[in-house]
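Heads up: the structure comes next, in structure tokens.
The structure displayed is predicted, hence computed values, not measured ones. Sequential numbering from 1 along the given sequence is applied to the chain's residues.
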Amino acid sequence: MATKEKKYVPLDTSGNDYASMVGMSDLDKAAIEAAKQSYNAAKASGNKTAMDAAHQQAEAIRAQYGYSGGVDGSQYIPTARPEFSYEEAPSYTSRYQSQIDDLAAQIMNRPAFTYDANEDPLYAQYRDMYTRSGQRAMQDTLGQVAARTGGLASSYATTASQQAYGDYMEALNAMIPELQQLAYSMYMDEENGLYNQMQMLTALEQGDYAKYQDLLGQYNADRSFEYGIWRDQISDDRYDQEWDYQVGRDQISDQRYEDETAWERSQYESETEYNRALERAQTLAAAGDFSGFKALGYTDAEIASLQAAYNREQAAASMSGSYSGGSGRNSSEGEGNTGGEDEGTDASGSIYQSMYDAGVRNEGDAYAWLLASGYNTTQAGKLAGYFTEWIDNGGGGGGSDYESATVDMSSVLDLGYGPINEEYLVELEANGQIESYVEDGKIKFRRTNRTNENTGFGILGKLGLLGGN
């Protein structure tokens, strides 16, 4: 019958206890247990790479025993397909074949029929019998003739006795054909007897072989039945493996979904917290406190820039009334003018025009000029910002004239930098090393002999005349 063995089967159906598996060495058991502990520790810490490494280590040991632990080592999945085995098929050994072969050889090798009376024992018997009978007849004939002739010998008596003997010899010879036929009949009977024996042995042989065929047929039927069971088991095992694999994949998918959901939830919570922190920072910033931006990742320099911009805006707002009618000087110094709105506008325009006439073209230079003119930082910051707007709106002739003018390239060469590109020209003006002005419908350049740097881009950069953005 078929035999199917599953080695190294776990003790329980859950497949979690491999410590007592049949055939596994203590060293391999300890190695799997160590890998299991490493796996659990990595899982607890969320280290997927370490989890995979521990699992692969355990799987390498399990492979030596023909099974896999599945996606997480908790299953028993045979990896080596069991071989089908069945007892040997019955063999056939003839009990009569040698005798049949001998009889067939005798029949095939029998000499042809020949007859020699002298070799025939029956003829020898008849010959002896007829010879004795002929001799007695010859003696009887001599005695009878002698008695009639008074005992005298005669040729007649001799002839008569020989005649009597010859009759018996002729009768003997007449028996030869009959004896030959008898001998032939015996020859054929012997051959037929050989045939009959061979037929009987052949019948016995066929009977034995028919029994063997029945036995072989039953063997094949039983083997096919067992093979079908084996194939069904293989199919069941494959189904179980595929089922377990799918369950494992589903678990991984579920875990991945949970991880992704948790990540998305954490991202949502993080974004919510960020938005809340941003709202708080913006609320504080509206009151002039920019410390809330620190928690959002802003650097101290960035926060300082925000604070400075706010201060300038506040200063501009506070000065919009104080300098609307004065010369722009600090009212606290007694130099303010409380005149009307038109007068203030004219006065502010005169300040901007004075700065423009002095060669100021950007906010940084304007801020420095105002500080040098006696304005405090708050006032200078506010007026410097409005100065650039005044230029952009056409103040000092800088707006419309610049927009309609073309660049005088000879003045660019006269700067002494040689042939320079547009980007470098804009950079020089932004750094305050050169300045631009409009003359005769052309934008010209001249050195300022200043090296102070600022964050402006100059009028050319703002207008985009030289390709600035």
(request) Answer yes when D28 and R62 have at least one side-chain N-carboxylate O distance shorter than 4.0 Å, and no when they do not. (result) no

Minimum heavy-atom distance between [X] and [Y], given as atom pair plus value:
{"X": "G297", "Y": "E302", "value": "O-OE1, 4.5 Å"}
{"X": "I443", "Y": "S436", "value": "CG2-CB, 4.0 Å"}
{"X": "N362", "Y": "E429", "value": "ND2-O, 4.1 Å"}
{"X": "A384", "Y": "L370", "value": "N-CD1, 3.6 Å"}
{"X": "S410", "Y": "D408", "value": "OG-OD1, 2.6 Å"}
{"X": "E363", "Y": "T388", "value": "N-CG2, 3.3 Å"}

Check: [X] side chain, [Y] main-chain N or O, donor-acceptor pair, under 3.5 Å:
{"X": "T448", "Y": "G432", "value": "yes"}
{"X": "D289", "Y": "A285", "value": "no"}
{"X": "Q97", "Y": "S94", "value": "no"}
{"X": "R361", "Y": "Y356", "value": "yes"}
{"X": "S224", "Y": "A221", "value": "no"}
{"X": "R447", "Y": "L415", "value": "yes"}
{"X": "N431", "Y": "Q433", "value": "no"}
{"X": "S411", "Y": "F445", "value": "yes"}
{"X": "Y96", "Y": "A203", "value": "no"}
{"X": "Y212", "Y": "P90", "value": "yes"}

Between [atom1] on residue [X] and [atom2] on residue [Y], distance to nearest 0.5 Å:
{"X": "D300", "Y": "S305", "atom1": "CG", "atom2": "OG", "value": "11.0 Å"}
{"X": "M198", "Y": "D102", "atom1": "CE", "atom2": "CG", "value": "11.5 Å"}
{"X": "I61", "Y": "E33", "atom1": "CD1", "atom2": "CD", "value": "11.0 Å"}
{"X": "Y39", "Y": "D52", "atom1": "OH", "atom2": "CG", "value": "8.0 Å"}
{"X": "L371", "Y": "T377", "atom1": "CG", "atom2": "OG1", "value": "7.0 Å"}
{"X": "E205", "Y": "R95", "atom1": "CD", "atom2": "CZ", "value": "9.0 Å"}

(request) Would you sort out whether I434 and Y417 count as a side-chain contact (heavy atoms from CB on, under 4.5 Å), showing the intermediate values? (result) CA-CA 11 Å; I434 64 172; Y417 295 103; 4.1 Å; yes

(message) Could you walk me through whether L215 and K211 satisfy the side-chain contact (heavy atoms from CB on, under 4.5 Å) test, starting with their C-alpha distance in whole Å, then the side-chain angles of each, then the deciding distance to 0.1 Å, before giving a yes or no?
(response) CA-CA 6 Å; L215 183 62; K211 293 178 182 179; over 6 Å; no

(message) Measuring centre to centre across the rings, with the benzene-like ring taken for any Trp, is F290 within less than 6.0 Å of Y310?
(response)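 F290 vs Y310: aromatic centres under 6.0 Å.
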
(request) May I have the step-by-step check of side-chain contact (heavy atoms from CB on, under 4.5 Å) for R223 and F84, ending in yes or no? (result) CA-CA 10 Å; R223 186 182 185 280; F84 176 76; 3.8 Å; yes

(request) Start with the C-alpha distance between Y367 and F387, add both sets of side-chain angles, then the distance that settles side-chain contact (heavy atoms from CB on, under 4.5 Å), and finish with yes or no. (result) CA-CA 9 Å; Y367 183 74; F387 171 70; over 6 Å; no

More than 12 heavy atoms of other residues, nucleotides or ligands under 6.0 Å from [atom1] of [X]: yes or no?
{"X": "Y209", "atom1": "OH", "answer": "no"}
{"X": "Y92", "atom1": "OH", "answer": "yes"}
{"X": "M186", "atom1": "CE", "answer": "no"}

(message) Could you check whether any side-chain heavy atom of K29 comes within less than 4.5 Å of a side-chain heavy atom of I32, counting everything from C-beta outward?
(response) no

(request) Could you tell me whether R110 sits above the aromatic face of Y187, with NZ or CZ closer than 6.0 angstrom to the six-membered ring centre and within 45 degrees of the axis? (result) yes

(request) Verify the distance criterion only: is there a donor paired with an acceptor across the side chains of D214 and Q218 at less than 3.5 Å? (result)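 No.
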
